[in-house]
There are 2 protein chains.
Amino acid sequence: MNINISDESCPLRKTLEIIGGKWTMLIIFQINERTIRYGELKRCIVGISEKMLISQLKFLCDKGFVHKKSFAEIPPKVEYTLTDMGKELLPLINQIIQFGINHKF
Amino acid sequence: MNINISDESCPLRKTLEIIGGKWTMLIIFQINERTIRYGELKRCIVGISEKMLISQLKFLCDKGFVHKKSFAEIPPKVEYTLTDMGKELLPLINQIIQFGINHKF
DNA sequence: TAAGTACCCTACCCTAAGGTAAGTACTTGT
DNA sequence: ACAAGTACTTACCTTAGGGTAGGGTACTTA
């Protein structure tokens, strides 16, 4: 690995632009291996606004991290799951968590 | 591991508050295993302003990720190195980079 | 009949992260 | 004499990420 110039196109910057948002990893980590409905997700992530959750979910769907399944039911039912690419981030996020625990953040 | 409530004190949030900044990981990755002077660091990280680099370096020193050594010379000479805790982040960052490469970000 | 649930959308606003640019002090090179 | 390199500081300004708050639909339950 010989990345030593951090220009605008380096993979670290590019990746952080996508997963570096305030809520991105939180959402991905909460979905995790399960299938979860919008409402439950919202309750899990304390402090997030509906606007943020919706827009981030849409963003993550567009980028291919999250899969969305809407049911034509009343009341509405929407289920979110991680795609394979999304799941690839889980070990990464777990490492961040482990780091935080180890250093008592 | 049973973290399923993402409240304000969860280790993921806490850690991201520290290493989730726009430049944090870039700086840590650039310092890497070497000893590097301020000027060279600045040249490495394309696009960063002096203000940001200085303030982030100070922040990272305060948090214990980076070690700073000033020489009482003229012209000034300052060397930065990662602490052990800082170095612990390198495999994490490398994973992010690998993720970006794998998915062609 | 009114309130509640579920999954959103939209308009407006605000703050803080970050960008710009200039200045400082001291020395060496031309 | 003047620019250039070194490691910063400071003042000011911009912007976009995110917060607030309200609306909307179609149904169910009290």
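In what follows, chains carry the letters A, B, and so on, assigned in the order in which the sequence lines appear, proteins first and then strands, with residues in each chain numbered from 1.
Among the atoms of the strands shown, none is found under 4.0 Å from any heavy atom of B:F71.
A sub-4.0 Å separation between OP1 or OP2 of D:dA7 and a side-chain N or O of B:K68 is absent. Between B:R37 and the phosphate of D:dA7, there is a side-chain N or O to OP1/OP2 separation shorter than 4.0 Å. Contact annotation: A:Y38 does not reach the phosphate of C:dT5 (side-chain N/O to OP1 or OP2, under 4.0 Å). When the side-chain nitrogen and oxygen atoms of B:K22 are compared with OP1 and OP2 of C:dG19, one or more of them lie within a distance under 4.0 Å. OP1 and OP2 of C:dC12 both lie 4.0 Å or more from every side-chain N or O belonging to A:K51. Contact check, B:R43 against D:dT6: a side-chain N or O comes under 4.0 Å of OP1 or OP2.
Among the nucleotides C:dG18, D:dG5, D:dG19, the one closest to any side-chain atom of A:S49 is D:dG19.
We find that CD of A:E79 is positioned 14 Å from C1' of C:dC7, with the value rounded to whole Å. One atom, CD1 of B:I54, and another, P of C:dG23, lie 19 Å apart when rounded to the nearest Å. One can place CE of A:M52 at 14 Å from P of C:dT10, the figure rounded to the nearest angstrom. To the nearest angstrom, C1' of C:dA17 lies 16 Å from CD of A:E17. Per the geometry, CD belonging to A:E50 stands 13 Å off P belonging to D:dG19, to the nearest Å. Rounded to whole Å, the distance from CG on A:L41 to P on C:dA6 is 14 Å. For the pair A:K69 NZ and C:dC7 P, the computed distance is 15 Å after rounding to whole Å.
Nucleotide C:dC14 forms a pair with D:dG17, judged by Watson-Crick or G-U wobble geometry with both contacts under 3.5 Å.
Ring pair A:F65/B:F99 is parallel by interplanar angle, where below 30° counts as parallel and above 60° as perpendicular.
Side-chain contact check for B:L60 versus B:I28: some heavy-atom pair is nearer than 4.5 Å.
A 6.0 Å sphere centred on NZ of B:K87 holds more than 12 heavy atoms belonging to other residues, nucleotides or ligands.
Taking the centre and axis of the six-membered ring of A:Y80, the NZ or CZ atom of A:K68 falls outside the cone set by 45° and 6.0 Å.
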